[in-house]
Amino acid sequence: MNPLNHVAIIMDGNGRWGIKHKNSRNQGHKAGLNTVEKIIRETINQKIKYLTLYAFSTENWKRPKKEINYLFNLLESFLQNKIEDLNKKNIKLNVIGSKNFSKKLNRLISASEKKTSKNTTLQINLALNYGSKIEIINALKKLRKNNIKLNETNLSKYLQTKNTPDPEILIRTGDTKRLSNFLLWQLAYAEIFFEKKLWPDFDEKDYIKIINKFKKIKRNFGNI
Ligand code: FPP
């Protein structure tokens, strides 16, 4: 059976779900947060050590201001209300992406990261204002500035996912088949699962099905 340490997820389909069921994209994001909580619980049940969630991309700034504000308010209340619970569950929160948000949110993120920094059951990498291309460019710039030899190991060390093994699984919900500038370097050998369901409809059973399918795949890494 394949070892599984890290699952990455593109949580797509909130907007469509919200329009279909509540005539509001924002209500889709709210429902999406319930799925986030379910998937965190199941990730711990499955003894998976790393979970990376794509919550907001560098491209998502193009959305209407009202939706952006709603998403960030949701995130703020998530951090305010749930960080204690995450901490009790021994979960470490790590935000990846450019952390240039409001002062309040920046402070909340730093405090949440600090509070949970020593936790070891599960590390959640929350990708916020994240873009993979800029992450790679920034890593290359740091290597050049510090005169460090450019190779795969060194580049990996300068990405924001340093100290995290590469994901073995990428899941994208919402019936769309693209990577959307997410972990382009880290997903080089990931098994990719495109799921028709919209993120708020995705549940533990769907997640377990994917994990079980993954465990049976013959992974050759270029060998035969
Ligand atoms: C993509 O669906 C989803 C997002 C851009 C936001 C994801 C946010 C959450 C799941 C809730 C907040 C999470 C945390 C951890 C606080 P979309 O809006 O692009 O859906 P669409 O393709 O149907 O328009």
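Start at 1 with the first residue, then count along the sequence.
Between Asn87 atom CG and Leu93 atom CG the span is 10.5 Å, to the nearest 0.5 Å. With rounding to the nearest 0.5 Å, the separation of NZ in Lys177 from CD1 in Ile10 is 13.0 Å. In this structure, CG on Asn119 lies 9.0 Å from CG on Leu86, to the nearest 0.5 angstrom. A distance of 10.5 Å separates OG of Ser132 from CH2 of Trp185, quoted to the nearest 0.5 Å. Rounding to the nearest 0.5 Å gives a distance of 12.5 Å between CD of Glu84 and CG of Leu79. Considering CG of Asn14 and CH2 of Trp199, their distance stands at 8.5 Å, rounded to 0.5 Å.
Taking the centre of each ring, Phe214 and Phe193 stay at or above the 6.0 Å mark.
No option in Lys218, Lys213, Arg219, Lys216 other than Arg219 meets the salt bridge (charged side-chain N to carboxylate O under 4.0 Å, His left out) test with Glu191. None of Phe72, Tyr70, Phe182, Tyr130 except one satisfies the ring-ring contact (aromatic ring centres under 6.0 Å, His included) rule with Phe56; the exception is Phe72. Only one option out of Lys142, Glu135, Lys141 pairs with Tyr158 in a side chain to side chain contact (heavy atoms under 4.5 Å, CB included); it is Lys142. Just one residue in the list Lys99, Arg107, Lys118 forms a salt bridge (charged side-chain N to carboxylate O under 4.0 Å, His left out) with Glu113, and that residue is Lys99. Among Ile211, Val7, Asp206, the single residue meeting the side chain to side chain contact (heavy atoms under 4.5 Å, CB included) criterion with Ile171 is Val7.
In terms of modelled atom types and a separation under 3.5 Å, the side chain of Ser57 and the main chain of Glu59 share a donor-acceptor contact. Without hydrogens or angle criteria, Gln46 side chain to Ile208 main chain gives no donor-acceptor distance under 3.5 Å. Judged by distance alone, with hydrogens and angles left aside, the side-chain atoms of Thr176 form a donor-acceptor pair with the main-chain N or O of Gly174 at under 3.5 Å. Looking at Asp12, its side chain never comes within 3.5 Å of a backbone N or O of Arg172 through a donor-acceptor pair. A donor-acceptor pair under 3.5 Å is absent between the side-chain atoms of Thr58 and the main chain of Asn129, judged by distance alone.
Connection of Phe101 to Ile134 is not established within any shared hydrophobic cluster, with ILVMFWY side chains joined at heavy-atom distances below 4.5 Å, either directly or through further cluster members. Ile39 and Leu198 are not part of a single hydrophobic cluster, where members link through side-chain heavy atoms under 4.5 Å apart. Both Leu170 and Ile96 belong to a common hydrophobic cluster when Ile, Leu, Val, Met, Phe, Trp and Tyr are linked at side-chain heavy-atom distances under 4.5 angstrom. Following chains of ILVMFWY side-chain contacts shorter than 4.5 Å, one can reach Ile44 starting from Met11, so the two form part of one hydrophobic cluster. Clustering ILVMFWY residues whenever any of their side-chain heavy atoms sit less than 4.5 angstrom apart, transitively, puts Val95 in the very cluster that holds Ile68.
For the residue pair Glu37 and Asn34, no side-chain donor N or O sits within less than 3.5 Å of a side-chain acceptor on the partner. Checking Asn2 against Glu168 by side-chain atom types alone, no donor-acceptor pair falls below 3.5 Å.
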Handout entry: side chain to side chain contact (heavy atoms under 4.5 Å, CB included) between His6 and Thr164, intermediate numbers included
Key = CA-CA 8 Å; His6 185 177; Thr164 305; 3.4 Å; yes
Exercise for the section: Would you please test Lys92 and Thr120 for side chain to side chain contact (heavy atoms under 4.5 Å, CB included) and show each step? Expected result: CA-CA 7 Å; Lys92 174 176 174 173; Thr120 53; over 6 Å; no
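In this structure, Lys30 places its NZ atom where only 12 or fewer heavy-atom neighbours from other residues, nucleotides or ligands lie under 6.0 Å away.
Applying the 4.5 Å side-chain rule to ILVMFWY residues, one finds that Met1 remains a lone member of its cluster.
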